[in-house]
*Asks:* 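Below is the structure I would like to discuss, written out as structure tokens.
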Amino acid sequence: MTTAEPLPVLTRKDFVSDQEVRWCPGCGDYAILAQTQKLMPELNIPREKIVFISGIGCSSRLPYYMNTYGFHSIHGRAPTIATGLKSSRPDLSVWVITGDGDGLSIGGNHLIHVLRRNVDLVIVLFNNRIYGLTKGQYSPTSEQGKITKTSPLGSLDYPVNACSLALGANATFVARSIATDTQHLVSTLERAHQHKGASFVEVFQNCNVYNDGAFDEFTDKAVRPDRTIAVEHGQPLIFGKERNRGLRLNGVTPEVVDLGNGITESDLLVHDETLEDPTIASILARMEYPEFPVPLGVLRAFQKPTYDELMEDQVQEAIAKQGEGDLEALFAEGDTWVVD
Amino acid sequence: MTARSDDVRELERVTIRFAGDSGDGSQLAGQQFTNTAAIFGNDVSTMPDYPAEIRAPAGSLPGVSSFQVSFSSHEIYTPGDSPDTLVAMNPAALKTNLPDLPKGATIVANSDEFTEANLHKADYESNPLEDNSLAGYRVIPVPITSMNARALKNSGLSNTQIDRSKNMFALGLMFWLYERSLEPTLRWIETKFTKNPTVAEANATTLKAGFYFGETAELFPVHYRVPKANLAPGHYRNITGNEATALGFLAASKLSGRPLFYASYPITPATDILSELARFKRFGVKTLQAEDELAAIGAAIGAAFGGSLGLTGTSGPGLALKSEAIGLAVMTELPVVIISVQRSGPSTGMPTKNEQADLLQAMFGRNGESPVAIVAPATPSECFDMAIEAFRIALRHMVPTILLSDGYLGAGSEPWRIPSFDDLPKFEVKFATDPESFQPYARDEETLARPWAIPGTPGLEHRIGGLEKSDGAGTVSYTAENHEIMVHHRAEKVARIANDIPDLEVVGNPEGELLVLGWGSTYGAITSAVQRARADGLSVSAAHLRHMNPFPKNLGDVLSRFERVLIPEMNLGQLRMLIRARYLVDAVGLNRVTGRPLKIAEIVEKISGLVRRKVSVA
């Protein structure tokens with residue numbers, strides 16, 4: 001009997017690269033970086049097996065600051081590079097770092113396809129509802145009417161809801177967190193890593209230079225319990241400082257109700273993240289403040305075979321059925337003749 | 001019954017074109033004829049021509065599809081300038097193909113289809129089989145549709161199924177006319193329709209019926225024989241350029257010991273490469289049909305980053321879409337290979353027609369100083385060798401490499417001498433493993449290649465990307481001096497590939513009055529034209545480039561030994577522009593953009609106009 005050599009014990013510091021971090025002081029990205037670095041040693045994966053891949057934008061600088069393998073690619077294409085890497089190297093833990101512009105605008109198509117294929121990746125989308133790196137233009141998640149230098153009279157675009165889009169693409173893991181709640185963030189990232197398949201995590205992140213306070217009205221500590229709702233598997237959907245409000249479904253319409261006066265916990269929707277049908281998760285994802293509390297947590301975690309493992313299975317199956325390929329036999333396939 | 005047409009005439013070379021509605025099976029008939037001639041021992045060369053529409057309206061002019069095959073008792077390089085025999089399955093096929101027929105050519109016309117309605121669809125005011133407008137051609141009307149129907153009336157097939165078999169009748173007739181065996185096609189029918197014996201039997205029956213009709217009827221006073229060609233000894237098969245390309249990539253994977261990962265988005269005329277490689281799972285090949293061209297090259301880059309042979313394939317419009325990512329591969333210095341099967345452009349252009357107009361796109365179609373290696377096969381079977389060569393260069397020099405094929409090479413076919421694996425060039429792949437002195441952008445002294453350090457290697461964790469990298473360390477750098485150094489490194493790295501590729505060979509005298517310089521699929525026409533001109537005693541030599549960037553080291557020297565240089569191309573002078581700029585040579589062009597291959601005759605004519613001196617040829 002042999003025992004596997006124990007992995008060296010790593011700490012957060014082992015995941016800090018020698019590059020100076022260059023985000024603006026006060027940027028929400030620092031918190032996400034810190035939580036990501038903190039999580040890495042917990043995963044029990046050799047450092048050399050971890051790869052961070054990003055596109056373009058403020059968030060996409062993150063791989064430079066991680067002392068792992070990293071690839072800072074081109075705008076919107078990180079999911080494609082990650083798909084090629086993970087499909088050819090299923091042994092690696094591959095993380096995609098993107099933002100609301102990179103992932104939902106220029107790279108929106110790839111995001112849909114990487115999610116529907118269920119490639120085993122963790123995709124973290126930093127949503128600050130603004131273009132930061134190009135100095136403050138409205139993004140696909142900016143609210144309609146947003147005044148920026150490129151929309152002096154207010155933007156005309158209706159915004160996209162990232163989690164709803166991911167669920168529309170039938171993503172098997174969809175979660176939402178906020179950069180300022182470090183506990184929630186790190187546990188959400190850990191859940192995303194544990195999920196086998198394409199894991200999509202939207203992180204509300206403040207851009208204190210170009211869109212300061214974008215999420216304050218529901219993420220400020222004072223109002224957060226009343227204006228967000230933590231979704232937890234198997235639990236009824238209750239929120240509020242006094243835990244006295246809840247969410248029930250009236251057909252396909254969510255309703256906020258006050259507990260009491262004949263309404264009890266048993267009337268509320270019980271969150272089931274494992275449903276194969278993403279409809280209820282989509283209903284939750286689409287709830288927005290002020291009509292509804294904003295849902296935070298894991299909206300969906302449904303297991304099904306991943307793209308990279310199915311691809312590997314096809315190769316193994318072909319070899320099992322037809323034997324390993326014989327190149328010279330293949331060259332001489334079909335009708336051949338000999339010239340003496 | 002006495003008049004049997006058993007008079008046989010021997011010919012050196014014959015070119016046949018099968019033409020009909022795109023549903024008529026002309027491609028299949030042509031391929032079967034090609035296979036049969038090749039197995040007999042002829043040299044063969046083919047050119048399919050089909051509309052971009054899957055099925056244009058039946059009987060219409062845009063719906064015509066054709067397949068030309070030339071077979072010969074000596075080595076041939078092209079599918080022939082013009083057909084000796086046209087099989088026209090309907091009036092539209094006659095009308096669209098007639099301009100390519102020289103006077104005296106034979107037209108076998110399916111007379112059943114020359115009805116008023118079909119004549120109208122083909123814009124004929126009167127029946128050309130009857131109105132004497134085909135004087136000068138040898139017209140042989142054959143009621144193919146009705147004879148096929150009679151042959152199969154007891155076959156148990158529906159009328160539609162019966163009608164679909166008429167290409168086999170026409171093929172049988174051609175087999176008789178050119179004295180070819182039915183056996184290979186009968187074998188093929190048996191394998192193809194194993195699960196449907198009724199259809200198999202019907203196809204065999206009508207194939208034989210066509211053959212016997214030729215034998216019995218008095219329509220053909222003679223039939224023809226093209227003896228075996230004197231090909232180099234060896235084991236042969238027929239192969240298209242796209243098939244050869246796929247096999248070459250597979251061989252590169254085996255030779256390098258690295259798995260092949262092919263990501264592509266379907267596009268005419270490159271899709272066959274994806275469907276071929278998708279069959280090769282048992283060789284460890286992984287294929288990904290991406291959501292678009294950008295994703296396809298992104299995935300190939302990701303696979304190359306991970307240590308696989310990262311490969312993507314496309315045609316002109318797709319190459320345009322991939323250009324930003326090719327720039328990323330230039331910057332990250334990853335060994336990605338991009339196969340582009342060129343077609344007529346710009347934009348969507350003419351997807352099923354041929355052109356060589358993407359050379360400058362491949363050279364320069366990216367932002368910044370962004371050099372890549374470019375190689376170009378000259379014949380369908382050479383696609384195999386150049387696919388291997390593309391990866392050999394990419395891996396040794398850590399540089400994205402473009403393989404520029406074209407639709408004429410990709411879909412055209414010729415005999416391929418099947419290589420033995422041991423004869424193929426081995427190439428070694430070395431991954432960096434030593435953390436001690438590791439720098440992601442350190443340079444190999446000889447090639448300037450950077451190390452290939454793949455994820456999973458302990459101690460080599462590093463970050464790459466599209467931002468400019470500092471020399472050696474590979475961290476992000478915006479300094480002026482470093483950028484200039486890195487731009488020069490990348491250029492010099494590609495330039496040094498010239499030390500690693502064969503010299504350009506000159507066919508004919510090493511100096512003289514005229515050099516005809518070509519690249520890509522014009523090889524056949526240029527070679528044939530120069531042979532013809534030299535046989536006429538003209539002082540002309542030929543040279544054909546396979547390495548487009550960098551050029552072979554001796555190219556400047558070769559050019560300087562000739563008074564004039566002629567560059568025939570299927571574009572407006574793209575190689576000529578590069579040659580003039582690089583070597584200050586006042587090269588002359590012969591440029592055609594008709595969507596069709598260059599003709600031997602037009603090159604001969606151009607040569608004759610340029611060469612003044614006759615030389616005595618032994």
Side-chain angles (χ1 to χ4, degrees), chain A residues 17-19 46-54 56 63-64 66-89 91-92 109-110 112-113 311-312 314-315 317-319 321-325 327-328 330-340, chain B residues 35 38-39 41 184 231-238 247 250-251 254 259 261 263 280-286 288 290-292 294-303 305-308 310 324-325 327-328 332 418-421 455-467 475-476:
Chain A
S17 81
D18 58 0
Q19 295 297 295
R47 193 171 58 176
E48 66 272 12
K49 294 272 193 186
I50 301 172
V51 186
F52 278 80
I53 300 178
S54 64
I56 292 293
Y64 286 122
M66 296 294 300
N67 193 14
T68 61
Y69 283 90
F71 201 145
H72 175 224
S73 74
I74 43 179
H75 212 4
R77 316 295 165 225
T80 72
I81 291 170
T83 297
L85 182 61
K86 182 68 186 181
S87 305
S88 59
R89 291 286 307 276
D91 60 310
L92 302 172
N109 191 34
H110 306 309
I112 292 168
H113 293 280
M311 189 181 262
E312 183 66 32
Q314 278 197 342
V315 168
E317 230 178 272
I319 292 171
K321 273 193 193 149
Q322 308 163 26
E324 259 192 62
L327 201 59
E328 287 188 340
L330 181 69
F331 287 171
E333 208 180 48
D335 286 320
T336 67
W337 66 97
V338 172
V339 174
D340 301 316
Chain B
N35 234 15
I39 292 169
L231 297 176
H235 189 196
Y236 283 85
R237 66 175 276 194
N238 196 47
L247 287 183
L250 191 60
K254 200 89 178 163
F261 186 92
F280 301 156
K281 298 268 187 312
R282 66 186 189 280
F283 290 87
V285 174
K286 289 182 173 175
L288 163 68
E291 62 269 26
D292 58 28
L294 316 172
I297 186 158
I301 290 172
F305 181 52
S308 291
E324 187 195 16
L328 178 67
T332 53
I418 301 166
S420 108
F421 184 72
T457 319
L460 302 193
E461 293 85 355
H462 66 283
R463 276 64 59 192
I464 57 172
L467 289 174
T475 50
V476 175

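Each chain gets a letter, A, B and so on, in the order the sequences are listed, and its residues count up from 1. Values below: every heavy atom of this structure, side chains too, minus hydrogens, waters and symmetry copies. These numbers come from a predicted model, not from an experiment.
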*Asks:* If you measure from OH on A:Tyr64 to CG on B:Leu467, what distance do you get to the nearest 0.5 Å?
*Replies:* 4.0 Å
*Asks:* For B:Phe261, is it the side chain, the backbone, both or neither that has a heavy atom under 4.5 Å from a heavy atom of chain A?
*Replies:* side chain
*Asks:* Rounded at 0.5 Å granularity, tell me how far CD in A:Glu317 sits from CZ in B:Arg282.
*Replies:* 14.5 Å
*Asks:* Which bit of A:Gln314 comes within less than 4.5 Å of chain B, counting heavy atoms only: side chain, backbone, both or neither?
*Replies:* both
*Asks:* Taking atom CD1 of A:Ile81 and atom OG1 of B:Thr332, what is their separation to the nearest 0.5 Å?
*Replies:* 8.0 Å
*Asks:* Only one of A:Asp91, A:Leu92, A:Thr68 clears side chain to side chain contact (heavy atoms under 4.5 Å, CB included) with B:Pro455; which?
*Replies:* A:Leu92
*Asks:* If I measure from the heavy atoms of chain B, does A:Ser54 come under 4.5 Å with its side chain, its backbone, both, or neither?
*Replies:* neither
*Asks:* Against chain A, label B:Ser420 side chain, backbone, both or neither, depending on which of its atoms sit under 4.5 Å from a heavy atom there.
*Replies:* both
*Asks:* Rounded to the nearest 0.5 Å, what's the gap from NE2 on A:His72 to CG on B:Leu328? Could you check?
*Replies:* 10.0 Å
*Asks:* Only one of B:His462, B:Glu461, B:Arg463 passes side chain to side chain contact (heavy atoms under 4.5 Å, CB included) with A:Ser17; say which it is.
*Replies:* B:Arg463
*Asks:* Please classify the contact of A:Asp340 with chain B as side chain, backbone, both or neither, using a heavy-atom distance under 4.5 Å.
*Replies:* backbone
*Asks:* Which atoms of A:Leu330 are under 4.5 Å from chain B, going by heavy atoms: the side chain, the backbone, both sets, or neither?
*Replies:* both
*Asks:* Need one label for B:Ile297: side chain, backbone, both or neither, based on atoms under 4.5 Å from any heavy atom in chain A.
*Replies:* neither
